[in-house]
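Notes follow once the structure below has been shown.
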Amino acid sequence: MIRWLANLGMDVDSRTEFGETPLMAAAESGATEAVETLLEIGANPAAENHTESRAITEASNIDCVKLLMNAGEDINHIGGDGYHLLKSAAEQNDIEFVQALLDAGAEVDTTSTGGTALHTALSNDHLEIAELLIAAGADINQQDVDGWSPLFCCRSRKAVRMIVDADVDLSLEDDVGATAMESFATFNRPDLATFLKSHTKKRRT
């Protein structure tokens, strides 16, 4: 159908009102054969929508990603909304996709705002994803635009334990001068503040 429409004169890079192209739609839906066909007939893999995202930032499976990489696209491309493949996969708790992206060369600390995939995983308490990212060398002390390191993003005791045991810098302060322990208390998480304090003492001993 794609080839037939193209032969009738349909623009392979036609856009919706939001700048979405057929290639973006195919990549987002994981339609690998459609992505391959569109690329073969000349679709522009570098086309961007209204948020400066490309087909590769929308891709939902590793086969589509590899096709787009073979067409010259960067697996670490960041859209104007600050999202990239690894960050999106971490947010969606797609463990298999995260591992496949890392294996394909996704950089674990890719960011345009300071916030990494690890920040995102911990903000959503996706701990298996967080473990994968830390094992892949994620910077556990990377601070985002608000000064938050991944520790500030923790939502559970298990997450706090994981980051503290990875030897996080507990002295880091956010842009208002608060440490993670103080931030937990400020944002009504005294349970995490207490746990962090007690677990820190255990680490020192």
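Cluster membership check: Phe152 does not share its hydrophobic cluster with Leu133, using side-chain heavy-atom separations under 4.5 Å among Ile, Leu, Val, Met, Phe, Trp and Tyr. Residues Met10 and Trp4 share a single hydrophobic cluster, defined by chaining ILVMFWY side chains whose heavy atoms lie under 4.5 Å apart.
Here Thr21 pairs with nothing under the side-chain hydrogen bond (donor to acceptor under 3.5 Å, both in side chains) rule; sequence neighbours left out. Partners of Glu36 under the side-chain hydrogen bond (donor to acceptor under 3.5 Å, both in side chains) rule, at least two apart in sequence or in another chain, do not exist in this structure.
When hydrophobic residues (I, L, V, M, F, W, Y) are linked wherever their side-chain heavy atoms come within less than 4.5 Å, Leu172 remains an isolated member.
Val65 has its side chain within reach of Ile62: a pair of non-hydrogen atoms, C-beta onward, lies under 4.5 Å apart. At least one side-chain heavy atom of Leu23 sits under 4.5 Å from a side-chain heavy atom of Leu68. Within the 4.5 Å cutoff, the side chain of Thr110 has no heavy atoms near those of the Ile75 side chain. Put simply, the side chain of Leu127 reaches to within 4.5 Å of the side chain of Leu122, judged on heavy atoms. In this structure the side chain of Leu39 reaches within 4.5 angstrom of the side chain of Pro45, judged on heavy atoms. Inter-residue side-chain proximity for Thr113 and Val145 is flagged as met; some heavy-atom pair is nearer than 4.5 Å. Inter-residue side-chain proximity for His119 and Thr116 is flagged as met; some heavy-atom pair is nearer than 4.5 Å. In this structure, the side chains of Leu170 and Met181 stay at 4.5 Å or more apart for every pair of heavy atoms.
Without hydrogens or angle criteria, Asp169 side chain to Asn141 main chain gives no donor-acceptor distance under 3.5 Å. The closest donor-acceptor contact from the side chain of Thr194 to the backbone of Asp191 lies at 3.5 Å or more, if one exists at all. Side-chain N or O atoms of Thr16 include one that pairs as donor or acceptor with a backbone N or O of Glu20 at under 3.5 Å. Side-chain N or O atoms of His77 include none that pairs as donor or acceptor with a backbone N or O of Thr57 at under 3.5 Å. Using modelled atom types, one side-chain atom of Ser60 and one backbone atom of Gly30 make a donor-acceptor pair closer than 3.5 Å. His50 places a side-chain N or O within donor-acceptor distance of the main-chain N or O of Phe18, the cut-off being under 3.5 Å. Between the Glu91 side chain and the Asn124 main chain, no donor and acceptor come within less than 3.5 Å of each other.
For residues 66-90, the pairs satisfying salt bridge (charged side-chain N to carboxylate O under 4.0 Å, His left out) are Arg54-Glu73, with sequence neighbours left out.
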Identify every side-chain donor-acceptor pair in residues 93-107 under 3.5 Å, counting partners at least two apart or on other chains, and give the distances.
{"residue": "Asp94", "atom": "OD1", "partner": "Phe97", "partner atom": "N", "Å": "3.0"}
{"residue": "Gln99", "atom": "NE2", "partner": "Asp103", "partner atom": "OD1", "Å": "3.1"}

Name each donor-acceptor pair under 3.5 Å that joins a side chain in residues 154-163 to protein atoms two or more places apart or in another chain, with its distance.
{"residue": "Arg155", "atom": "NH1", "partner": "Cys153", "partner atom": "O", "Å": "3.0"}
{"residue": "Ser156", "atom": "OG", "partner": "Asp125", "partner atom": "OD1", "Å": "2.8"}
{"residue": "Ser156", "atom": "OG", "partner": "Ala159", "partner atom": "N", "Å": "3.2"}

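In terms of heavy atoms, Asn44 sits closest to Asp13 at N-OD1, 3.0 Å. In this structure, Ala121 and Ala130 approach most closely via the heavy-atom pair CB-N, 4.0 Å. The two residues Ala47 and Arg15 have their closest heavy-atom pair at CB-NH2, 3.4 Å. Residue Leu151 comes nearest to Phe184 through the heavy atom pair O-CZ, 3.3 Å, listed as atom of the first residue, atom of the second, then distance.
Heavy atoms from other residues, nucleotides or ligands lying under 6.0 Å from CD of Glu182 number more than 12. Counting non-hydrogen atoms of other residues, nucleotides and ligands closer than 6.0 Å to CD of Glu33 gives a total of 12 or fewer.
Between Trp148 and Phe187, the angle of the ring planes goes over 60°, which puts this pair in the perpendicular group of the 30/60° scheme.
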